[in-house]
Amino acid sequence: MDSGDLKIEWARQYMPVLGTIADRFRKDKPFEGMTIGMALHVEAKTANLVKTLAAGGAQVFITGCNPLSTQDDVAQALDRVDGVTCYAKRGCSVDEYYSAMDAVLDAKPDITIDDGMDLIHRMHTSRRDVLTKIIGGCEETTTGIHRLRAMAEEGKLEFPVIAVNDTPMKRFFDNVHGTGESALTAIMATTNNLIAGKWLVVAGFGYCGRGIARKASGLGAKVIVTEVDPRRALEAYMEGYHVMPMNKAAEIGDIFITTTGNKDIINEQHFKLLKDGAILSNAGHFNVEIDGAWLNKNAEQIIERDGIQSYLINGRTIHLLAEGRLVNLAVPKGMGHPIEVMDLSFALQALGTRFIAEHHTELKPGVHAVPDSIDREVASIKLASLGLGIDTLSADQEHYMCSWDVGT
Ligand SMILES: NC(=O)c1ccc[n+]([C@@H]2O[C@H](COP(=O)([O-])OP(=O)(O)OC[C@H]3O[C@@H](n4cnc5c(N)ncnc54)[C@H](O)[C@@H]3O)[C@@H](O)[C@H]2O)c1
Ligand SMILES: N[C@@H](CCSC[C@H]1O[C@@H](n2cnc3c(=O)[nH]cnc32)[C@H](O)[C@@H]1O)C(=O)O
């Protein structure tokens, strides 16, 4: 076994939920004769999802969903698996990124699994030839679903897509704990800087932002939150974090992490306010949350090493990690979310894909929620794997909870 195989095997042993589902798929073969096209971060946890789908009888074609997040040894190991073809390559150009997507689409998938919607976008724009065969898809992340909902609003989404991100068993764990731990781990492993005592600025107090804030606070950071939603800002304030606009936070912050899914969160107006040596990173979506293009254009000097770009501007240095792409996945030492968290997200992807395979004729084109039964099933399998028991409602309690006629 080479390093890729060893990484995949390491992750497998800590993915009991996906393992349970793989056993079922091996028996039931829900994807017999089907082709599944995927664009995800190609690393060891994802490889276990791919092998689970292949165990269910699918021919799987996969590429990356971020030019910097592929682990090449895992991609090569995946490509050796029967029924799997992997086109992902770390550090590919944007053109190569989309050519690899086209290679996946050349396989004419019946079902797609996407993360950020670049694949589904491509299918509806330059690769409309594949729309005749597709029966449905799943989308992994918040911004991917924002884009899909916008598309569906305009009546442009031509097949049913399951919004995996929006179910509790995904975002309460992946977005909160996964991003919380993996973003800070990647920043510490890349910079070797101390978190304790530092002013750490989190832009966006959504699921990801609150996870990062909580973990950073646990490490001793002084956490500042910036927001545009007054309710989320108040939540942050009540949880003991400092709340202020970015143009104030820019003067104080030592380490910045954007988690908004939006653009221009840290830009020219903020760069000039930053302290010398400030560290900027993004754990949200695309590399537009921090205006790296302005830094590349206006720096007097740029020094690059190990996922850190250091920009010398007007006598001060600003450091940007991973070219402003997802810091938890795109820095060389980025390993993405912890295995146990991706076990839950990918169990949802596996069961969501099976739901599409078996119920697509009942689903209209558009964005569909993960069936609550699937969400609960993933939670139950996980609880069982931890040896945890919970109580069940009695018939009387069920009635009481659903009734209106029982008063004081
Ligand atoms: N790095 C990862 O592995 C990872 C994991 C999950 C999700 N994500 C991505 O992270 C982003 C956030 O996901 P989420 O589930 O937390 O979403 P969310 O919608 O719960 O939170 C986003 C927050 O950002 C705030 N926001 C928007 N524009 C802002 C601005 N200009 N300034 C300050 N705050 C602003 C919103 O008010 C909201 O509270 C999405 O793009 C999602 O795709 C990344
Ligand atoms: N393609 C976009 C999409 C954002 S990725 C955000 C998603 O990555 C997922 N993710 C985080 N860590 C891992 C991992 O280690 N393996 C696979 N997916 C991951 C997570 O579920 C989250 O919803 C981009 O790269 O900018």
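Order of listing sets the numbers, starting from 1, for every ligand and every atom in it. We're numbering straight along the sequence, starting at 1.
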Inset, instruction - Examine ligand 2 and decide if any of its atoms is less than 4.0 Å from a heavy atom belonging to Leu40. - result: no

Legend entry - His337, portion touching ligand 1 at heavy-atom distance under 4.0 Å: side chain

Legend entry - No-hydrogen, no-angle side-chain donor-acceptor test under 3.5 Å, Tyr97 and Asp118: yes

Legend entry - Under-4.0 Å heavy-atom contact with ligand 1, by part of Asn165 that carries it: neither

Inset, instruction - Any pair with a residue in residues 32-59 that passes salt bridge (Lys or Arg N to Asp or Glu O under 4.0 Å), sequence neighbours left out, goes on the list, sorted by first then second residue, please. - result: Glu43-Lys45

Legend entry - Residue-ligand contact Arg232/ligand 1, heavy atom below 4.0 Å: yes

Legend entry - Residue portion contacting ligand 2 (non-hydrogen atoms closer than 4.0 Å) for Tyr207: neither

Inset, instruction - Answer with side chain, backbone, both or neither: which part of Leu326 has a heavy atom less than 4.0 angstrom from an atom of ligand 2? - result: side chain

Legend entry - Within-shell test, Asp115 vs ligand 2, heavy atom, strictly < 4.0 Å: yes

Inset, instruction - Measure from the side-chain N and O atoms of Asp343 to the backbone N and O of Leu18, and report whether any donor-acceptor pair falls under 3.5 Å. - result: yes

Inset, instruction - Please report which non-hydrogen protein atom sits nearest to atom 41 (O) of ligand 1, along with the residue it belongs to and the distance in Å to one decimal place. - result: Thr143 OG1, 2.4 Å

Legend entry - Shortest protein heavy-atom distance from atom 12 (N) of ligand 2, along with the residue and atom involved: His337 N, 3.1 Å

Legend entry - Stepwise ring pair (Phe, Tyr, Trp, His ring centres under 6.0 Å) test for Phe205 and Tyr241: CA-CA 10 Å; Phe205 197 68; Tyr241 306 121; 5.8 Å; yes

Legend entry - Exercise: do His177 and Lys215 side chains pair donor with acceptor under 3.5 Å: yes

Legend entry - Where ligand 2 meets Gly336 - atom numbers and elements under 4.0 angstrom, heavy-atom basis: 12 (N), 15 (O)

Legend entry - Residue, atom name and distance, where the atom is the protein heavy atom closest to atom 15 (O) of ligand 2: Lys45 NZ, 2.8 Å

Inset, instruction - Using a strict cut-off of 4.0 Å, indicate which atoms of ligand 1 neighbour a heavy atom of Asp229. - result: 37 (O)

Inset, instruction - Report the part of Leu329 in contact with ligand 2, treating N, CA, C, O as backbone and CB onward as side chain, heavy atoms under 4.0 Å; options are side chain, backbone, both, neither. - result: side chain

Inset, instruction - May I ask you to list the atoms of ligand 2 that are less than 4.0 angstrom from any heavy atom of Thr46? - result: 16 (N), 17 (C)

Inset, instruction - Could you establish whether Lys170 and ligand 2 come within less than 4.0 Å of each other, counting only heavy atoms on the residue side? - result: yes

Legend entry - Asn262-Thr260 side chain donor-acceptor pair, cut-off 3.5 Å: no

Inset, instruction - Using a 4.0 Å heavy-atom threshold (strictly under), name the region of Glu43 that reaches ligand 2: side chain, backbone, both or neither. - result: side chain

Legend entry - Location of contacts on Thr260 toward ligand 1, heavy atoms closer than 4.0 Å: both

Inset, instruction - Please state which part of Cys65 comes within less than 4.0 Å of ligand 2, counting heavy atoms only: side chain, backbone, both or neither. - result: both

